[in-house]
Amino acid sequence: MGTLLIRDGRVLRPDMTVVDADVLVDGSAGEIVEVGPDLSGEETLDADGGLVIPGLVNAHTHVAMTLLRGHADDKPLDRWLREDVWPVEAALEPADIEAGAELGVLEMIRSGTTTFADMYFEIDRTAAVVERAGLRAVLGHGAISAGKDDDAARADIEESIETARTFDGAADGRISTAVMPHSLTTVTPDLLSFAAEEAAEAGVPVHYHANETAAEVDPIVEERGRRPLEWARDLGLCREADFLAHGVHLDGDEIDLLAETGTGVVHCPASNMKLASGMAPVQRLLDAGVAVGLGTDGAASNNDLDLFDELRDAAMLGKLAADDASAVAAPDAVRMATAGGAAVLGIDAGRIEPGAAADLAVVDLDAPHLTPDHDLVSHLAYAVRGSDVRHTVCDGTVLMRDREVLPLDERAVMARAERRARDLLARAG
Ligand SMILES: CSC[C@H]1O[C@@H](n2cnc3c(O)ncnc32)[C@H](O)[C@@H]1O
Ligand SMILES: [Zn+2]
């Protein structure tokens with residue numbers, strides 16, 4: 001692979017300023033080589049009238065849940081999982097996961113996301129999709145003890161550990177992994193400790209849901225006499241590079257703990273609103289120096305995988321949570337969707353400068369809802385939609401050119417997902 005020139009665009013720099021420039025990419029190394037005027041390269045992408053931004057980072061999802069989109073709406077987390085989601089997931093077949101992951105990956109490429117972190121089942125299927133679609137991903141088998149006997153629960157955590165060891169570095173290094181116990185309340189304490197020890201031994205992080213709802217936090221406080229994250233730290237979790245999803249119900253000591261331990265938080269505003277889980281204290285997390293990224297969560301609690309929606313929701317909800325219109329300002333929201341998410345996942349991406357991963361999206365600015373162009377960072381936070389993305393590039397390879405997704409047959413992916421989703425629901429009864 002030779003060089004790729006992204007030509008004649010405006011470029012978002014890491015300090016959130018915008019400059020007229022070309023971006024030159026080394027396709028073999030998958031790296032940005034130069035940002036500046038009048039560059040030349042072998043293959044070109046036209047960014048005229050567009051804004052070149054780092055590829056977005058969806059730092060928490062369950063990508064194959066696209067098959068459950070619109071199946072389970074308008075319930076709080078616990079009832080949503082127990083009454084609607086888990087009964088259907090019990091009927092999932094490996095080919096469903098592959099079809100759902102392909103659909104989700106297609107949607108993410110079309111909306112400028114180049115990296116996602118995924119907790120789900122049958123990770124070999126999701127890894128195969130990532131391999132052929134060309135994105136970057138942090139993958140993990142989600143393990144749950146609830147509803148299982150001791151042996152089955154242990155085997156599930158062991159599968160999570162084995163999966164993390166097997167797939168770390170796959171797809172030419174585009175896949176990294178984490179051990180992923182589902183949550184602090186659905187996995188037994190001894191297995192949470194075991195997961196933490198084994199992840200440290202394997203050199204991978206631990207990722208789990210935490211402090212998502214008050215109904216999940218209160219019993220831990222009552223039974224353990226400590227806040228959930230203090231208890232989690234005592235179990236060996238909350239180590240440097242570990243990352244948790246949600247962190248909605250946090251007190252000041254837990255925010256300090258996250259900052260001190262280097263534990264990242266993935267904020268999922270749409271999911272938190274839809275399940276009425278609450279409002280995460282995002283500005284307080286940022287002020288404390290916690291690494292914060294954004295996630296869509298699964299498509300059944302969102303209901304799409306367009307990270308631009310998350311960007312806008314994070315900026316809006318952050319103000320409501322802080323009761324302060326200056327909270328989670330546009331540059332902070334954009335940072336969370338790019339460099340923040342990359343930092344949470346331990347990936348050297350999310351910024352456009354020489355040496356960084358060539359993970360990029362070009363946003364078409366020639367649209368009524370993006371006119372006038374007073375402030376392009378404001379547009380990214382409040383006005384751009386995923387459908388405004390013209391090109392998507394990951395690891396130096398063009399995944400979408402002029403809205404045509406190159407590695408996937410869009411019609412076939414949608415038809416397969418439609419069929420598998422219908423059959424899945426029929427099987428689940
Ligand atoms: C064990 S694989 C992941 C597991 O998590 C479920 N899930 C989806 N969204 C959420 C959420 O917001 N909180 C907790 N668990 C969630 C998903 O359906 C899988 O069962
Ligand atoms: Zn989740």
Side-chain angles (χ1 to χ4, degrees), residues 58-69 71-73 75-92 94 96-97 100-101 104 116-123 125-126 138-148 152-153 155-161 163-164 177-188 191-192 195 206-217 228 243-249 264-278 280 293-305 310 313 344 424 428:
N58 184 350
H60 175 79
T61 188
H62 314 277
V63 69
M65 287 187 83
T66 50
L67 295 197
L68 278 72
R69 192 196 322 264
H71 159 67
D73 296 324
K75 287 187 184 178
L77 176 67
D78 193 53
R79 284 185 52 212
W80 176 79
L81 283 174
R82 286 174 201 282
E83 294 171 11
D84 297 331
V85 173
W86 284 343
V88 175
E89 288 181 338
L92 277 169
D96 296 326
I97 309 275
F116 68 104
D118 195 65
M119 175 197 287
Y120 216 51
F121 316 105
E122 313 289 351
I123 290 306
R125 298 298 186 122
T126 307
V138 180
L139 304 180
H141 170 84
I144 302 191
S145 313
K148 296 193 175 92
D156 205 15
I157 277 288
E158 280 172 351
E159 183 172 351
S160 192
I161 295 157
T163 301
T177 59
V179 174
M180 299 198 184
H182 174 252
S183 81
L184 300 179
T185 51
T186 53
V187 177
T188 63
L191 291 180
L192 287 170
V206 184
H207 176 50
Y208 48 97
H209 297 90
N211 297 43
E212 182 174 359
T213 64
E216 184 191 357
V217 167
F243 58 107
L244 59 87
H246 299 297
V248 172
H249 300 274
V265 173
V266 186
H267 175 40
C268 303
S271 173
N272 296 160
M273 289 192 280
K274 187 172 183 228
L275 301 173
S277 301
L294 296 182
T296 55
D297 217 352
S301 61
N302 189 300
N303 283 4
D304 62 52
L305 303 184
E310 250 46 49
D313 288 345
V344 166
L424 169 65

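Whatever order the structure lists them in is the order used to number ligands and atoms, beginning at 1. We count residues from 1, following the sequence as given. The model shown is predicted, which means the values in this text are computed figures rather than measured ones.
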Exercise for the section: For ligand 1, find out whether one of its N or O atoms is nearer than 3.5 Å to an N or O atom of D297. Expected result: yes
Practice task
Go through the structure and list residues passing ring pair (Phe, Tyr, Trp, His ring centres under 6.0 Å) with H246, not counting sequence neighbours.
Solution key: H60, H209
Handout entry: M180 contact mode with ligand 1 (heavy-atom cut-off under 4.0 Å)
Key = neither
Handout entry: T213 and S277, any side-chain heavy atoms less than 4.5 Å apart
Key = yes
Exercise for the section: Determine whether the side chain, the backbone, both or neither of Y208 has a heavy atom under 4.0 Å from any heavy atom of ligand 1. Expected result: neither
Completion exercise
Heavy-atom closest pair (T61 atom, N58 atom, distance to 0.1 Å) is CB-ND2, 3.9 Å
Handout entry: Protein contact to atom 13 (N) of ligand 1 [nearest heavy atom, distance to 0.1 Å]
Key = E212 OE1, 2.7 Å
Problem - For M65, the ligand 1 atoms whose distance to one of its heavy atoms is below 4.0 Å - result: 8 (C), 17 (C), 18 (O)
Handout entry: Proximal atoms of ligand 1 relative to W86 (non-hydrogen, under 4.0 Å)
Key = 20 (O)
Practice task
Evaluate the criterion side chain to side chain contact (heavy atoms under 4.5 Å, CB included) for residue pair D313 and L294; output intermediate values, then yes/no.
Solution key: CA-CA 10 Å; D313 288 345; L294 296 182; over 6 Å; no
Exercise for the section: Looking only at protein heavy atoms, identify the closest one to atom 17 (C) of ligand 1 and say how far it is in Å. Expected result: E89 OE2, 3.4 Å
Problem - Test: D73 and K274 ion pair at under 4.0 Å - result: yes
Exercise for the section: Mark up the atoms of ligand 1 that fall under 4.0 Å of a heavy atom belonging to H246, in ascending order. Expected result: 12 (O)
Handout entry: Sphere of radius 2.8 Å around the Zn ion (ligand 2) - protein N, O or S atoms inside
Key = H60 NE2, H62 NE2, H209 NE2, D297 OD1
Problem - Partner of H62 under side chain to side chain donor-acceptor pair (under 3.5 Å), chosen from T126, D118, D297 - result: D297
Handout entry: Atoms of ligand 1 close to I144 [distance to a heavy atom under 4.0 angstrom, numbered from 1]
Key = 1 (C)
Exercise for the section: Please name all residues satisfying side-chain contact (heavy atoms from CB on, under 4.5 Å) with A143, sequence neighbours left out, ordered by chain then number. Expected result: H141, D156, I157, S160
Problem - Enumerated ligand 1 atoms positioned under 4.0 Å from heavy atoms of H182 - result: 3 (C), 4 (C), 5 (O), 6 (C), 14 (C), 15 (N), 16 (C)
Problem - Close side-chain approach of M180 to L139, heavy-atom, < 4.5 Å - result: no
Fill in the blank from the handout: By ring pair (Phe, Tyr, Trp, His ring centres under 6.0 Å), F243 pairs with (sequence neighbours left out) H207
Completion exercise
Heavy-atom closest pair (G295 atom, P269 atom, distance to 0.1 Å) is O-CD, 4.2 Å
Problem - Which of the ligand 1 atoms, numbered from 1, are nearer than 4.0 Å to a heavy atom of L77 - result: 11 (C), 12 (O), 13 (N), 14 (C)
Problem - N272 side chain reached by H267 side chain, heavy atoms, under 4.5 Å - result: yes
Problem - Which atom of Y120 lies closest to which atom of M65, heavy atoms considered - result: OH-CG, 3.5 Å
Handout entry: Numbering as shown, the atoms of ligand 1 that approach V85 to under 4.0 Å (heavy-atom distance)
Key = 18 (O)
Handout entry: Part of M119 within contact of ligand 1 (heavy atoms, under 4.0 Å)
Key = both
Completion exercise
In ligand 1, the atoms that come under 4.0 Å of a heavy atom of G142 are 1 (C), 2 (S)
Exercise for the section: Determine, step by step, whether I144 and W86 satisfy the side chain to side chain contact (heavy atoms under 4.5 Å, CB included) criterion, reporting the C-alpha distance in whole Å, the side-chain angles of both residues, the deciding distance to 0.1 Å, and the verdict. Expected result: CA-CA 11 Å; I144 302 191; W86 284 343; 3.9 Å; yes
